[in-house]
Number of protein chains: 2
Amino acid sequence: MSRTVPKRASIHDVARAAGVSAATVSKVLRGISTVKSANVDKVRSAVDALGYRMDPLAAGLRQSRRRILGLIVPDLESEFFGRIAARVELLAEQADYSLSIASSHEAEEREERLVERMHVLKVAGTLLAPVRSERGAGAQRMKALGMTGALVDRVMSDDVYDTVGVDNAGASAQVAQLLAEKQHRHVLLIGLNEVSRNVRARASAFTQEAKNIAPNMRVDTLMIDERMDSSRGVLANYLDNHRPTAVFSLFQKGTLLALSEFRRRGIQCPQHVSLVGFDDAEWMRVTYPSVTAVVQPIDRLADLAFTRLLDRVEGQSGASVSQLEPCALSLRESLVASRPAAPDQVGRMSQQA
Amino acid sequence: MSRTVPKRASIHDVARAAGVSAATVSKVLRGISTVKSANVDKVRSAVDALGYRMDPLAAGLRQSRRRILGLIVPDLESEFFGRIAARVELLAEQADYSLSIASSHEAEEREERLVERMHVLKVAGTLLAPVRSERGAGAQRMKALGMTGALVDRVMSDDVYDTVGVDNAGASAQVAQLLAEKQHRHVLLIGLNEVSRNVRARASAFTQEAKNIAPNMRVDTLMIDERMDSSRGVLANYLDNHRPTAVFSLFQKGTLLALSEFRRRGIQCPQHVSLVGFDDAEWMRVTYPSVTAVVQPIDRLADLAFTRLLDRVEGQSGASVSQLEPCALSLRESLVASRPAAPDQVGRMSQQA
DNA sequence: CTGAAAGCGCTAACAG
DNA sequence: CTGTTAGCGCTTTCAG
C-alpha cells in the first residue's frame with residue numbers, strides 16, 4: 001500500500017531544489033514580509049514540482065502555539081450536536097485551525113479525560129459542550145489546567161469561561177403562556193433523570209411561569225429515565241391514573257415516547273390531549289398529528305460559541321461573558337385549546353383510576 | 001486565562017527531577033525493555049510530581065509514524081454517520097490512536113481536499129466514507145497519494161482498498177420479495193438524484209428482483225432532489241396521476257416526504273398504499289402508521305471497517321477484501337397486503353388523472 | 001543498563 | 001533580503 005511511496009519532500013528538499021535556504025522557503029510559504037520576488041517564484045515552482053506541503057504539526061512544535069482547536073460534545077449521534085460539530089468544523093477551517101472532535105458519550109468521567117487529552121495535545125483552545133453544566137467535571141478540569149476555552153449549551157454563566165446557551169427558561173415560559181392561553185389547566189411535564197442542566201431549567205421555568213400567570217393550572221412532573229423501555233412503564237402508569245389536557249415534553253425522546261404511548265392507549269392527540277415538545281426534529285412535521293415544538297437556534301449557538309472561543313484564543317482578555325439565545329416556537333397540529341373537561345370522557349380510562 | 005500557567009514540564013524536566021537521562025525516561029514511559037527497577041520508580045514518581053504527560057505529536061515527529069487515524073464522512077448531522085464516527089472514535093482510542101474526524105458535507109471537491117489534509121497530517125491511515133463511491137474523488141486521491149486506508153459505505157469493492165458496505169442489493173431484493181408476496185403489483189420507488197452509489201444500487205436491485213419473481217409487477221421510479229421543497233411537487237404530481245399500491249423509499253428523507261405527502265392528500269396508509277423505507281429511524285415507530293424499514297447494521301459497519309483499516313495500518317498486506325453486511329427488516333404497520341384494486345377508490349383522486 | 005548526541009520538519013533570532 | 005544557528009519535545013542509535 002503506502003510501502004512503495006517515496007518519502008515526502010521536506011522543506012529542505014524544496015530549499016535545495018530552489019537554490020535557497022530553508023528559512024527563505026519558510027518565509028515564502030507563510031507569505032512573510034519581504035522576499036525577493038525572483039526567489040518567491042523559484043520557491044513556488046519548486047514547491048509545485050515536488051508537490052510539497054508543509055507539516056503543520058512540526059511547525060506547531062517549533063512555534064509552541066499549535067493551530068489546533070478542540071471540540072468536546074456529549075454525543076455525535078444526535079442531530080443537535082452533529083450540527084454543532086459540522087458548523088464548528090467549518091468555522092475552524094475558515095480561521096485556519098484544525099479541529100479535534102471528541103464525544104464524551106454523555107459520561108462526565110470520559111469528558112474529564114477528553115479535556116485532559118486536549119491539554120496533552122496542547123490545543124490552542126477547547127470548546128466544551130458539557131455533559132452536565134459549567135460546574136461539571138470537564139469545565140472544572142479545564143480551569144484547573146488553566147486551559148483556554150469556551151462553554152456551549154447546558155450552561156448558564158461562568159466566572160472563567162464565556163458561555164453560549166439556549167434560553168431554556170424563556171422558551172419554557174413561553175410554552176407555559178401558550179398553554180395557559182389555550183385554557184389548559186392540567187399539564188404533564190416529561191423530564192429526564194439526568195445530570196444535564198437543560199431539562200431541569202426547562203421544568204422549573206415552566207412551573208414558575210405557570211404559577212405566575214395561571215395559578216390554577218395543575219402541573220405534574222414525571223422524571224423518566226434514559227432507557228426508553230422502563231420509562232414507558234412510568235408514563236403508562238401515570239396516564240392510567242391521570243388525564244392531563246396537555247403534555248410538554250422537555251426533550252426530544254420524551255416527545256417520541258409520549259406520542260407512541262398516546263397511540264398505544266388510543267388517546268387521541270390533540271382531541272384528548274395536546275402535545276408540545278422541546279427540541280424540534282424533521283419527523284415532527286410528518287407524524288399525525290404534527291408536533292408543536294420549541295426550535296433551538298443550533299447554528300447560531302455554534303457560531304457564537306466559536307467566535308467567543310476564537311477571541312479568547314487570539315488573546316482577547318476581560319471578564320467572561322454569557323449569552324443566552326432565544327428559541328422559536330413552531331406551532332403545529334398537536335396543540336389545540338383545551339375543551340372544558342367532559343366527565344364521561346374520563347370514563348374511557350381503565351377502572352382503577 | 002492560560003496566561004498565568006507555568007510552562008508544562010518536558011521530558012527533560014522529568015529526567016532532571018528523577019536524576020536520569022531523557023532517554024531513560026522515554027524508555028520507561030513506553031514500557032520498553034530493561035530499565036533498572038529503581039530507576040523506573042524514580043521516573044514514575046517524578047512524572048507524578050510534575051504531572052508530566054508526553055506530547056504525542058512531538059513523539060510522532062521523531063518516529064515518523066504518527067499514531068493518528070483520519071475519518072472522513074459525508075456528513076455529521078445524520079444519525080448514520082454520527083454513529084459511525086462515535087464508534088470509530090472509541091475503537092481508535094482503544095487501539096491507542098487519536099482520531100481526526102472531518103465531514104465532506106456531501107461535496108466531492110471538499111472530500112478531496114480533506115483527503116489531502118489527512119495526507120499533510122501524515123496520518124497512519126484514513127477511513128473514508130465516500131460521498132460517491134470507491135471511484136469518487138476522495139478515494140482516487142488517496143490512491144494517487146499512496147495513502148493507507150479503507151473505505152466504508154456507498155462502496156462495493158476496490159482494487160486497492162478494503163471496503164465494508166451494506167448489502168443494499170440484498171435488502172432491496174428482500175423488500176421486492178415481500179411486496180410481491182403481499183400481492184403488490186404497482187410499486188413506486190422514491191430515489192435520489194445524487195452521486196451516491198447506494199440509492200442507485202437499491203433501485204436497480206429492487207427492479208431486477210421484481211422482474212424475476214413477479215414479472216407482472218409495475219415498478220415506477222421517481223428520482224427526486226435533495227431539496228425537499230421541489231421534490232414535494234414531483235411526488236405530488238406523480239400521485240395525482242398514478243396510484244401505486246406500495247411505495248418503497250430508498251432513503252430516509254424520502255420516507256419522511258412520502259408520509260407527509262400521503263397525509264396532505266388524505267391518502268390513507270396502509271389502507272390505500274403501503275410504505276417501506278430504506279434506513280430505519282426511531283421516529284418511524286411512532287408515526288401513524290409506524291413505518292416498515294430496512295435496518296442497516298451501523299455499528300457492525302464501523303467495527304468491521306475499523307478492523308480492516310487497523311490491519312492495514314499495522315502492516316498487513318495482501319489483496320484488498322470487500323465485505324457486504326446484511327440488513328434486517330423491521331416490519332411495522334405501514335406495510336399490508338394489497339387488496340385487489342377497487343376502481344372507485346381511485347375516483348377519490350383529483351379529476352385530471 | 002544508561003546517557004550523549006543526532007536528528008524528525010519546521011521556525012525564530014540574528015548576523016551578514 | 002538571506003542564510004546560519006539553535007532549538008521545539010521527543011526518540012533513536014551506539015558507545016560506554
Side-chain angles (χ1 to χ4, degrees), chain A residues 5-44 46-47 50-68 96 98 117 119-124, chain B residues 5-44 46-47 50-68 96 98 117 119-124:
Chain A
V5 175
K7 201 183 295 301
R8 288 181 43 196
S10 86
I11 198 170
H12 288 106
D13 301 323
V14 176
R16 197 173 322 114
V20 297
S21 77
T24 302
V25 176
S26 174
K27 282 168 194 142
V28 171
L29 258 40
R30 287 173 304 146
I32 267 183
S33 67
T34 44
V35 176
K36 207 170 26 174
S37 63
N39 280 341
V40 173
D41 292 346
K42 282 200 284 186
V43 169
R44 288 255 151 80
V47 165
L50 302 181
Y52 169 76
R53 307 289 262 101
M54 82 149 204
D55 181 340
L57 267 44
L61 184 57
R62 179 61 232 251
Q63 292 175 154
S64 90
R65 179 166 166 285
R66 263 163 219 190
R67 296 196 72 85
I68 306 179
D96 197 33
S98 66
R117 188 190 305 169
H119 186 233
V120 164
L121 247 191
K122 296 195 173 71
V123 296
Chain B
V5 175
K7 200 182 295 300
R8 288 180 44 195
S10 86
I11 199 170
H12 289 106
D13 301 322
V14 176
R16 199 172 323 114
V20 297
S21 79
T24 302
V25 176
S26 174
K27 281 167 195 145
V28 171
L29 258 37
R30 285 173 307 144
I32 266 182
S33 68
T34 45
V35 175
K36 208 169 25 173
S37 64
N39 281 342
V40 172
D41 293 345
K42 283 199 285 185
V43 169
R44 288 256 151 78
V47 165
L50 301 183
Y52 170 76
R53 307 287 263 100
M54 88 149 200
D55 181 339
L57 267 45
L61 183 58
R62 180 60 231 252
Q63 291 175 150
S64 90
R65 179 166 166 285
R66 261 162 222 189
R67 295 195 72 85
I68 305 179
D96 197 34
S98 65
R117 187 190 305 170
H119 185 233
V120 163
L121 247 192
K122 295 195 173 71
V123 297

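Letters go in sequence order (proteins before strands), and every chain restarts at 1.
Looking at residues two or more places apart in sequence or on another chain, you find a side chain to side chain donor-acceptor pair (under 3.5 Å) between B/S26 and B/R30.
Taking NE2 from A/H12 and OG from A/S21, the interatomic distance works out to 8.5 Å, rounded to the nearest 0.5 Å. Rounded to the nearest 0.5 Å, atoms CG (B/D55) and CZ (A/R66) are 4.0 Å apart. Interatomic distance, B/L57 CG to B/L121 CG, rounded to the nearest 0.5 Å: 8.5 Å.
Between B/R53 and A/H119, the closest side-chain pair of non-hydrogen atoms is not below 4.5 Å. Looking at B/V35 and B/V43, their side chains never come closer than 4.5 Å, going by heavy atoms from C-beta outward. Considering only heavy atoms from C-beta on, A/V28 stays 4.5 Å or farther from A/V47 through its side chain.
Using a 4.0 Å cutoff on non-hydrogen atoms, the parts of residues 9-18 of chain B near DNA chain D are B/S10, B/I11, B/H12, ordered by number. DNA chain C lies under 4.0 Å from at least one heavy atom of each of the following residues of residues 51-66 of chain B: B/L61, B/R62.
Closest to the B/V20 side chain, of the nucleotides D/dT11, C/dG3, C/dT2, is C/dG3.
Scanning atom types as modelled, one donor and one acceptor separated by under 3.5 angstrom connect the side chain of B/K27 and the base of C/dG3.
Within the structure, every side-chain polar atom (N or O) of B/S26 is placed at least 4.0 Å from both OP1 and OP2 of D/dC10.
We find that NZ of A/K122 is positioned 12 Å from P of D/dC8, with the value rounded to whole Å.
Note on A/D41 versus A/R44: no salt bridge recorded, every NZ/NE/NH1/NH2 to OD/OE distance being 4.0 Å or above.
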